[in-house]
There are 4 protein chains.
Amino acid sequence: MSSEVRRHHGNRHGRSEAARAAVLEAADDLLAEKGFAGVTIEGIAARAGVAKQTIYRWWPSKVEILLDALGSDMVTALEPVDSGDLSGDLRRYLRRLARFLTGSDPGAVLRALVGQAQHDPDLAARLRVEHLQPQREREAVMLREAIARGELPAGFDVDLALDRLVGAVYYRVLVTGEPVPVAFTDGLVAAFVAEQGQSASR
Amino acid sequence: MSSEVRRHHGNRHGRSEAARAAVLEAADDLLAEKGFAGVTIEGIAARAGVAKQTIYRWWPSKVEILLDALGSDMVTALEPVDSGDLSGDLRRYLRRLARFLTGSDPGAVLRALVGQAQHDPDLAARLRVEHLQPQREREAVMLREAIARGELPAGFDVDLALDRLVGAVYYRVLVTGEPVPVAFTDGLVAAFVAEQGQSASR
Amino acid sequence: MSSEVRRHHGNRHGRSEAARAAVLEAADDLLAEKGFAGVTIEGIAARAGVAKQTIYRWWPSKVEILLDALGSDMVTALEPVDSGDLSGDLRRYLRRLARFLTGSDPGAVLRALVGQAQHDPDLAARLRVEHLQPQREREAVMLREAIARGELPAGFDVDLALDRLVGAVYYRVLVTGEPVPVAFTDGLVAAFVAEQGQSASR
Amino acid sequence: MSSEVRRHHGNRHGRSEAARAAVLEAADDLLAEKGFAGVTIEGIAARAGVAKQTIYRWWPSKVEILLDALGSDMVTALEPVDSGDLSGDLRRYLRRLARFLTGSDPGAVLRALVGQAQHDPDLAARLRVEHLQPQREREAVMLREAIARGELPAGFDVDLALDRLVGAVYYRVLVTGEPVPVAFTDGLVAAFVAEQGQSASR
DNA sequence: CATTAAGCGAGACGGTACGTCTAGTCTTATG
DNA sequence: CATAAGACTAGACGTACCGTCTCGCTTAATG
């Protein structure tokens with residue numbers, strides 16, 4: 001038996017998976033080595049051993065390549081935790097988020113894309129629809145299950161809580177440039193938990 | 001009598017204030033009209049009626065022009081409030097911050113610069129040193145004075161609080177792209193106050 | 001009844017005559033519409049509804065297609081005259097040559113090929129062997145028969161005469177771009193006849 | 001003391017003569033080495049050590065570069081002869097023309113341009129106006145002076161004679177590809193002279 | 001009657017050159 | 001001595017064709 005997609009140089013199989021993979025890897029490498037400005041279509045083509053036309057055939061711009069390169073890395077790296085204990089889950093999740101954003105290759109891709117999205121509304125829309133909102137939804141599930149378990153009150157404002165927890169992490173990464181140590185993320189959760197305890201005791 | 005600085009085409013008066021102002025205004029206009037990618041040195045020179053060399057003489061790059069164009073707009077627009085009532089001050093400040101970031105021209109410049117800073121560590125450093133950290137300091141003063149007044153406990157973690165309050169606003173602006181209505185900023189302050197109340201009651 | 005070669009999409013009949021004809025016609029049309037630079041393999045394939053590979057299977061280059069498209073048009077259009085009266089025959093022949101070169105589709109193809117032959121020695125060789133020399137030979141026959149009839153002297157230099165008669169027509173077409181009216185071709189023949197008369201009278 | 005035009009890299013001197021000369025020489029060299037198809041803007045730029053933009057600033061296409069490269073070479077190489085003896089002058093001129101067209105670098109440029117002119121009416125017009133017609137005029141002067149001297153009759157058709165003399169040479173070069181030996185050009189003149197003798201004797 | 005094999009339309013591929021755009025450098029003449 | 005002007009080298013942009021390479025379909029001849 002043979003693999004589903006065979007190696008080929010352009011034919012009726014349709015798109016070459018080898019070329020696609022080489023492009024995405026080249027884009028990733030260039031971003032890591034030279035930064036966003038160093039990611040050029042010509043550079044990607046040269047490094048991937050691919051013709052420029054092949055790139056333009058499948059991607060409308062370099063940011064789409066990076067979106068593609070991001071792929072499901074976010075889903076993989078930021079799988080929410082559900083152990084039945086909200087505060088522990090949140091601590092683990094925010095630690096993981098901080099590490100993803102500040103210390104991983106796909107995190108660097110995401111930061112570059114969020115940066116570029118400030119100049120490019122189309123990219124912003126695609127980035128949100130394809131990556132940020134789905135991840136936000138996975139984060140929301142964590143909190144909603146805690147509501148279901150009774151760890152959080154019924155009327156709990158999930159969106160506000162996520163903006164305060166996750167937003168603080170992004171803020172340090174994107175705006176202040178401060179490191180995001182475990183002490184910080186744990187501190188966020190501690191404050192969150194304290195607040196809930198207060199509410200519950202009323 | 002005439003204005004202090006006369007228009008001139010190269011002379012012994014020193015730097016031309018007219019050229020400087022024209023460049024900054026052209027950069028601002030181009031950003032507003034065409035977005036960040038539409039801001040080019042050539043475009044600025046053409047619109048400002050200035051030679052490219054004059055721009056390169058005084059600014060090392062286009063982002064420095066935008067930094068310069070931002071000027072003291074942030075200081076002016078985001079003057080912290082100090083009425084002696086922390087929660088009211090915070091509500092007013094965050095409303096103003098949200099409006100600045102989402103609904104003003106200098107806010108658009110700041111967003112573009114923060115976006116570009118994700119690709120450009122030098123810009124990131126200058127942006128933080130010249131604008132973000134001074135503003136952060138002004139914000140911190142608000143809280144420190146509340147501590148001095150006894151509205152907040154002595155060991156209060158000012159940095160964590162700002163990351164949670166201000167960070168949530170930036171997060172919506174830069175990442176989720178959600179609007180930042182008054183209800184949201186007031187909600188942030190309400191949660192903050194509730195938390196403090198709980199702490200105080202312990 | 002059916003045509004000898006039926007329409008087919010690839011089979012054991014061998015080469016598709018329909019595809020061949022469509023390619024030649026498309027090439028001709030493109031040359032007429034857009035000029036030589038507008039004749040591209042991709043354009044021919046698209047217009048002929050034929051795959052590029054089919055073109056490359058049968059023709060090594062686009063100029064070979066035009067050579068093929070020229071076909072026997074030159075032979076047909078430039079059939080020499082032999083009425084037994086040399087000066088009348090030459091007048092008719094040169095008029096026909098002028099009209100072919102300046103006012104017919106295959107003449108335009110020939111001009112394009114002669115032009116391209118200046119850049120392409122292989123094309124030059126093929127063009128001469130397949131079209132120009134055979135036609136030259138047919139022209140020479142006209143003169144040789146006049147020699148046989150005694151209209152021209154035995155030692156008459158056929159090649160020189162053709163270079164002067166035919167060459168002058170090509171020169172106007174290819175180099176000066178002047179029109180080639182009947183008065184011109186008739187003038188050529190008149191001068192030729194006068195010269196022979198002079199020689200004969202010696 | 002300094003040379004009239006100083007070396008510079010773009011400035012208010014206006015156009016760089018060094019860049020201009022390097023481009024023309026590179027184009028010439030490429031034509032000689034690789035033929036017309038080997039003359040590309042990129043190739044010229046690379047060989048001349050010049051930016052593509054500099055080429056596009058001054059020449060609209062590669063054929064204009066070749067037109068420019070041809071310069072006054074034709075005038076120089078094809079200076080008509082005027083010794084007072086028409087037949088000798090014509091022999092010398094046609095020998096020189098044959099050598100220019102078949103055995104010189106600028107002759108190769110001219111052949112390439114005449115070839116390309118078959119595909120490009122604009123080039124054809126410029127080539128004629130700038131080079132071919134002026135040269136034709138210089139040729140005509142030779143004959144007109146012979147008329148003035150009484151070597152040719154008053155009503156002599158200069159244009160027809162040039163088409164037959166010069167045209168035959170171009171025809172061999174451009175169409176038949178035959179060599180153009182001295183015997184051939186001398187034969188042309190001999191036939192021309194014989195014809196005139198006959199006319200004169202009438 | 002099923003198999004085989006050749007020509008076909010289709011179209012992706014690695015390339016080269018195109019002509020355009022902007023960057024950043026350099027050299028003047030002007031005031 | 002800073003300016004406006006503008007030519008310069010450099011290099012990425014996105015497009016057009018090149019010539020090559022499968023691929024799956026159609027069809028007649030073959031076994």
Side-chain angles (χ1 to χ4, degrees), chain A residues 6-16 18-19 37 39-46 48-58 60-62, chain B residues 6-16 18-19 37 39-43 45 48-58 60-62, chain C residues 6-16 18-19 37 40-46 48-58 60-62, chain D residues 6-16 18-19 37 39-45 48-58 60-62:
Chain A
R6 293 156 46 197
R7 277 205 143 258
H8 59 283
H9 283 262
N11 53 29
R12 229 178 177 180
H13 284 307
R15 183 168 186 178
S16 161
V39 181
T40 66
I41 301 283
E42 302 234 315
I44 294 171
V50 141
K52 276 167 68 178
Q53 187 53 48
T54 297
I55 297 181
Y56 284 108
R57 191 167 6 247
W58 300 111
S61 70
K62 76 176 188 179
Chain B
R6 318 233 293 274
R7 270 210 149 256
H8 58 281
H9 282 254
N11 53 24
R12 297 179 109 143
H13 290 300
R15 181 169 185 180
S16 161
V39 181
T40 65
I41 301 283
E42 306 234 312
V50 142
K52 277 166 65 179
Q53 187 53 43
T54 300
I55 298 181
Y56 283 109
R57 193 176 348 260
W58 301 109
S61 72
K62 75 175 188 178
Chain C
R6 319 235 291 274
R7 268 208 152 259
H8 59 282
H9 282 254
N11 55 27
R12 270 182 128 170
H13 285 304
R15 181 168 184 180
S16 160
T40 65
I41 300 284
E42 303 235 312
I44 294 170
V50 141
K52 277 167 64 179
Q53 186 55 42
T54 299
I55 298 181
Y56 283 108
R57 190 172 0 253
W58 301 110
S61 71
K62 78 174 188 179
Chain D
R6 312 212 323 249
R7 276 207 144 257
H8 61 282
H9 282 262
N11 53 28
R12 233 178 171 178
H13 285 307
R15 182 168 186 179
S16 160
V39 181
T40 65
I41 301 283
E42 303 233 314
I44 294 171
V50 142
K52 278 168 66 181
Q53 186 54 46
T54 297
I55 299 181
Y56 283 109
R57 190 172 0 252
W58 301 110
S61 70
K62 75 175 189 180

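Letters go in sequence order (proteins before strands), and every chain restarts at 1.
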Flag side-chain contact, heavy atom, 4.5 Å: D:Ile55 against D:Lys52: no
- Query: Does B:Thr54 put a side-chain nitrogen or oxygen below 4.0 Å from OP1 or OP2 of F:dA4?
  - Reply: yes
Regarding the side chain of A:Arg57, the nearest nucleotide among F:dA2, E:dG14, E:dA12 is E:dA12
In whole angstroms, the gap separating C1' of E:dA10 from CD1 of C:Ile55 amounts to 13 Å
The reported gap from CZ in C:Arg57 to OG1 in C:Thr54 (rounded to nearest 0.5 angstrom) is 5.0 Å
By nearest-nucleotide position on DNA chain E, the 5'-leaning member of A:Trp58 and C:Ala48 is C:Ala48
Nucleotide by nucleotide, nucleotides 18-23 of chain E touches protein heavy atoms under 4.0 Å in the pattern (B base, S sugar-phosphate only, - none) BBBBSB
Determine yes or no for a side-chain-to-main-chain donor-acceptor pair under 3.5 angstrom, with B:Lys62 supplying the side chain and B:Val39 the backbone.
yes
For B:Ala45 and B:Ala51, the nearest pair of non-hydrogen atoms, with its separation, is CB-C, 4.4 Å
